[in-house]
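Shown next, in structure tokens, is the structure this report addresses.
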Amino acid sequence: MPKMKKEKIGGKVLAGLTESDHDKLKKLAVSCDMSKTRLSEEIISMALNSANQVMWFQDKYNKDPQYRVAFRQTSKGLEFL
């Protein structure tokens with residue numbers, strides 16, 4: 001199956017990783033034959049399009065219920081409302 005190019009819009013996000021997480025990212029990127037940046041993009045996209053992951057982050061870190069993100073599942077992933 002051919003890979004589809006994703007349109008990139010927006011800015012860059014720089015994450016400060018622990019040495020341990022950086023080593024894991026590097027090893028997984030080599031294993032998957034992609035750059036660490038590309039793998040990081042995939043991981044972030046996966047988390048932002050997974051209802052379970054979004055709920056986990058909100059349950060763990062949300063401080064004010066009025067700012068909880070509402071979402072619905074679509075064929076393209078999660079749509080934030």
Side-chain angles (χ1 to χ4, degrees):
M1 175 179 251
K3 291 183 180 178
M4 295 179 61
K5 285 201 167 198
K6 294 181 182 178
E7 180 182 347
K8 292 188 180 187
I9 53 178
K12 294 185 180 212
V13 175
L14 299 175
L17 300 177
T18 64
E19 185 176 349
S20 174
D21 285 346
H22 182 263
D23 289 344
K24 290 174 187 175
L25 180 66
K26 190 162 73 173
K27 287 177 182 177
L28 186 56
V30 168
S31 171
C32 296
D33 191 29
M34 62 176 65
S35 70
K36 293 181 294 184
T37 300
R38 181 70 187 124
L39 180 58
S40 297
E41 291 171 354
E42 290 286 332
I43 291 169
I44 291 169
S45 180
M46 180 181 65
L48 291 173
N49 285 289
S50 165
N52 289 337
Q53 290 296 312
V54 170
M55 292 297 294
W56 182 86
F57 277 102
Q58 291 194 106
D59 290 344
K60 184 170 182 172
Y61 296 109
N62 180 268
K63 302 293 186 228
D64 189 338
Q66 73 176 344
Y67 294 115
R68 282 187 74 88
V69 175
F71 57 85
R72 69 177 171 207
Q73 187 71 48
T74 71
S75 61
K76 295 180 182 179
L78 291 186
E79 178 183 353
F80 285 27
L81 308 174

- Task: State, to 0.1 Å, how close P65 and K63 come at their nearest heavy-atom pair, and which atoms those are.
- Result: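 It is CD-O, 4.1 Å.
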- Message: Give me the atom names and distance for the closest heavy-atom approach of L17 to D21.
- Response: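 Reported closest heavy-atom pair: CB-CB, 4.3 Å.
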- Task: Apply the test side chain to side chain contact (heavy atoms under 4.5 Å, CB included) to residues R68 and D59: give CA-CA distance (whole Å), side-chain angles for both, the deciding distance (0.1 Å), then the verdict.
- Result: CA-CA 9 Å; R68 282 187 74 88; D59 290 344; 3.1 Å; yes
- Query: Is there side-chain contact between K27 and V30, with heavy atoms separated by less than 4.5 Å?
  - Reply: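 In short, these two side chains do not touch, never coming nearer than 4.5 Å.
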- Task: Would you indicate whether the side-chain heavy atoms of L78 and R72 approach each other to under 4.5 Å?
- Result: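 In short, these two side chains do not touch, never coming nearer than 4.5 Å.
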- Rounded distance (nearest 0.5 Å) linking atom NZ of K60 with atom CG of N62: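 Reported to 0.5 Å precision, the distance equals 14.0 Å.
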- Find the distance between OG1 (T74) and CG (N49) and round it off to the nearest 0.5 Å.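 Here the rounded value is 7.5 Å.
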- Item | Whether F80 and F71 hold their rings parallel, tilted or perpendicular, with breakpoints at 30° and 60° |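 It falls in the tilted class, 30° to 60°.
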- Message: Assigning hydrophobic clusters by single linkage (Ile, Leu, Val, Met, Phe, Trp, Tyr; side-chain heavy-atom cutoff under 4.5 Å), is M55 placed with V69?
- Response: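 Linked, M55 and V69 end up in one cluster.
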- Does L25 share a hydrophobic cluster with M34, counting links as ILVMFWY side-chain heavy atoms below 4.5 Å and allowing steps through other members?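 The answer is yes; both residues are in one hydrophobic cluster.
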- Query: With no hydrogens and no angle check, is any side-chain donor or acceptor of Q53 less than 3.5 Å from a backbone partner on M46?
  - Reply: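 The answer is no, because no donor-acceptor pair under 3.5 Å joins these two groups.
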